[in-house]
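This report concerns only the one structure given below.
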Amino acid sequence: MRTDRGGDLRAGDVGRSVSLCGWVARRREHGEHLAFIDLRDRSGVVQCVVDGASELRSEFVVRITGTVRPRPEGTANDDLATGEIEVGDCQVEVLNQAEPPPFPVSDRVDADETARLRHRYVDLRRERMQRNLVMRAAVTRALRAAMDGQGFLEVETPLLWVPTPEGAREFVIPSRLQPGNFYVLPQSPQLAKQLLMVAGLDRYYQIARCLRDEDLRADRQFEFAQLDLEASFVSQDDVLAFVAEAVLDATEAATGERPGEIERLTWTEAMERFGSDKPDLRAGPELVELGPVFVFAATGFKAFQAPCIKGIRVEGGSGDFGRNKLDALTDRAKSLGAKGLVWMRVKPEGELESPVAKFLSADELAGIVARTEAAPGDLVLVVADERPTVRAVLGQLRLDLGRPPVSEGERRFVWITEFPLFEGLDGDGRPVPAHHAFTMPHPDDLDRLESDPLSVRSQSYDLVLNGWELGSGSIRIHRADIQSRIFALLGISEADAEARFGFLLSAFRYGAPPHGGFAVGLDRLVAGYPHGAGRNSVLLYVRRGANPPLYIGVDLARR
RNA sequence: GGUCCCGUGGUGCAGUUUGGAGUGCACGCCGCCCUGUCAAGGCGGAGGUCGCGAGUUCAAAUCUCGUCGGGACCGCCA
């Protein structure tokens with residue numbers, strides 16, 4: 001039916017007779033006997049010169065047969081990949097007519113998103129959307145190649161699964177054969193892949209569908225994909241290397257540029273310096289510890305008699321922040337949980353101007369300037385509070401003060417390692433796992449497991465890109481003695497454990513190898529590549545909340 | 001479960017603060033003209049329950065309440 005995709009034609013094709021099929025993107029009529037048709041297919045757009053186009057309308061499906069020729073002198077179009085040539089002497093065959101589209105099929109116009117989702121098949125005709133889907137395919141191809149190259153075996157795990165005792169809320173599917181019983185759709189292949197390790201598969205990966213019945217967010221869908229992997233006989237560094245290889249290859253495939261080494265921060269470093277376990281390293285000031293400045297601890301300023309004092313330096317911020325903006329920043333800090341926000345302007349002579357300056361000694365003021373390395377014209381923001389509050393507030397403020405969009409500027413991947421094993425204590429004083437109950441503690445901290453559990457680090461790790469959590473993983477517990485200690489700490493009896501995790505524990509009794517793994521969120525990874533892209537431009541279909549459920553333009557099934 | 005914001009021809013917006021005739025702009029659509037355009041251009045035209053429902057008022061796109069839809073965020077997402 002066709003010989004080429006029109007968008008692929010170049011000067012080298014001049015003279016060829018071609019047949020092209022596609023949609024009428026635009027037409028420009030110049031009287032009865034000259035019209036230009038921009039023909040669009042997956043490869044892009046090419047200009048066809050036809051003898052009259054009065055029967056053609058936007059989005060008609062046509063087959064055009066003609067001859068590739070160079071455009072007349074002076075009429076080339078640098079904005080088009082096909083701009084040097086055109087297809088002339090065209091015969092046009094209308095394969096199908098079309099109603100006017102509900103919104104312009106153009107990258108220039110941001111149409112109503114509801115309409116775009118309802119008519120997703122029209123929305124996906126946009127060049128940008130198709131480009132993103134093509135890029136997504138390039139990314140998954142690169143991921144597969146990287147995993148294959150590292151000796152991983154692709155294995156598909158079941159979708160009709162059983163409940164997992166912890167984690168996200170799961171979708172349930174009624175069973176026809178056992179009325180009253182339900183299948184559960186996996187929130188991740190976590191347990192299945194651990195069983196594959198017990199089975200001796202050694203290195204497994206999958207581009208896995210994950211389904212979570214949780215509330216939606218801008219970057220969150222019920223249904224999403226991840227590169228899921230698990231490997232036996234590996235250390236944490238081995239896992240990080242596997243993932244880095246795949247992610248860097250994918251980035252190169254998507255953008256043409258291979259980032260350098262992925263940086264590494266421990267969780268504590270990330271929290272202290274950036275106030276976040278998913279730091280955006282591109283911009284914004286780091287948090288500076290100010291507590292030690294006040295060695296004498298007996299500062300006369302009550303607000304600074306706190307367990308933790310940190311500041312951030314806003315370069316050149318003195319002039320940019322008048323009282324209104326400072327008040328707004330203070331309100332923002334309070335809404336984030338701080339009791340207040342102390343600001344200090346560095347005056348041309350180097351001394352500090354601040355509402356609280358009179359409560360601080362000269363040494364203290366000088367210490368703040370020295371620690372923050374503040375220069376004249378800078379602004380220093382200080383929060384004093386409990387350590388988690390200080391981190392959270394300043395961590396958010398540094399982003400508020402200048403965070404570029406995720407997909408713009410440089411690409412800063414960073415590993416966050418040594419997460420705490422427990423995130424705190426529950427109402428009964430029992431530690432709460434930060435990851436899951438099968439995460440291996442850091443070997444150096446094992447002897448403190450019972451005596452000081454909150455200080456115990458885990459062998460779990462996250463991959464972060466420009467402030468986005470791209471994925472996470474851990475080394476799993478494979479030894480029964482350590483698992484028993486964890487269950488004891490969590491207050492899970494042997495009977496409880498058997499009831500909740502029985503099939504995994506029983507599998508582990510038949511020879512479980514040391515193993516660990518990772519999962520990379522594919523949608524987030526891909527959305528981070530194109531400039532200005534959002535979630536909805538890299539997904540085939542987008543699911544939104546509430547009624548009527550807008551999926552592919554139809555309601556959910558009812559029974 | 002909670003907080004805040006937004007609903008105006010097919011699309012994108014202005015109009016809402018301070019109530020006074022569905023008023024305006026751009027795109028698209030329909031018709032006519034046009035032989036080198038490319039977001040073609042010119043002339044003309046059609047297209048509206050201002051999300052929906054109450055209330056206040058002589059009068060509501062505009063004010064109030066409710067409701068539906070959408071968005072952002074918190075909870076939640078091991």
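Every chain is numbered from 1 and lettered A, B, ... according to where its sequence line falls, protein lines coming before strand lines. Values reported hereafter were calculated over all heavy atoms of this structure, with side chains retained and with hydrogens, waters and symmetry mates removed.
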Please give, in whole Å, the distance from B:C76 P to A:E170 CD? 18 Å
Kindly say if A:R28 contacts the phosphate of B:A40, meaning a side-chain N or O under 4.0 Å from OP1 or OP2. yes
Between A:N132 (side chain only) and A:M129 (backbone N and O only), is there a donor and an acceptor less than 3.5 Å apart? no
From CG of A:L34 over to C1' of B:U37, roughly how many Å is that when rounded to an integer? 8 Å
What nucleic acid atoms does A:A76 come within less than 4.0 Å of, heavy atoms only: base, sugar-phosphate, or nothing? base
For A:Q190 and for A:V49, find the nucleotide of RNA chain B with the closest heavy atom, then tell me which residue's nucleotide is more 5'. A:V49
Check every strand shown and say whether A:S58 touches a base, only sugar-phosphate, or nothing at a heavy-atom separation below 4.0 Å. sugar-phosphate
Return yes if some donor-acceptor pair links the side-chain N/O of A:Q187 with the main-chain N/O of A:A168 below 3.5 Å, else return no. yes
Between B:G36, B:U35, B:C77, which nucleotide has the shortest distance from any of its atoms to the side chain of A:F36? B:G36
Starting from P on B:C77, measure out to CZ on A:R169 and report it in whole angstrom. 9 Å
Strictly below 4.0 Å: does A:R69 bring a side-chain N or O up to OP1 or OP2 of B:G36? no
Whole angstrom value for the distance that separates C1' of B:C30 from CG of A:L56: 16 Å
Distance, rounded to the nearest Å, where A:E423 contributes CD and B:C77 contributes P: 9 Å
Parallel, tilted or perpendicular, judged at 30° and 60°: which one describes the rings of A:W161 and A:F503? perpendicular
Nucleotide nearest A:L80 (side chain, heavy atoms from C-beta), chosen from B:C38, B:G36, B:C30: B:C38
RNA chain B nearest-nucleotide lookup for A:R476 and A:R26: closer to the 5′ end is A:R26
Just checking, is any N or O donor in the side chain of A:T157 or A:Q206 under 3.5 Å from an acceptor N or O on the other one? yes
Contact class for A:A35 (heavy atom, under 4.0 Å): base, sugar-phosphate, or nothing? nothing
Could you tell me whether A:E86 contacts a base, only the sugar-phosphate backbone, or nothing, with contacts defined as non-hydrogen atoms closer than 4.0 Å? base
Whole-Å distance, A:E55 CD to B:G31 C1', equals 15 Å
Nearest-Å distance, CZ (A:R27) to P (B:G28)? 10 Å
Stacking between B:U11 and A:F103, yes or no? Criterion: centroid separation under 5.5 angstrom, plane angle under 30 degrees. no
A:E29 has a side chain; which of B:C30, B:C34, B:G36 sits nearest to it? B:C34
Side-chain-base donor-acceptor pair under 3.5 Å for A:N77 and B:C38: yes
Please report the shortest heavy-atom distance between A:P431 and A:L490, naming the atom on each side. O-CD2, 3.2 Å
As a test of reading the structure: which of B:U37, B:U35, B:A39 is closest to the side chain of A:Q47, going by heavy atoms? B:U37
Among B:C77, B:C29, B:G36, the nucleotide that comes nearest once only the side chain of A:P100 is considered: B:C29
Report the distance from atom CZ of A:R524 to atom CG of A:L465, rounding to the nearest 0.5 Å. 10.5 Å
Would you indicate which nucleotide in B:C77, B:C38, B:G36 comes nearest to any side-chain atom of A:P72? B:G36
Check whether any side-chain N or O of A:R116 sits under 4.0 Å from OP1 or OP2 of B:U11, and answer yes or no. no
Any base atoms under 4.0 Å from A:R71, or only sugar-phosphate, or nothing? Heavy atoms, all strands. base
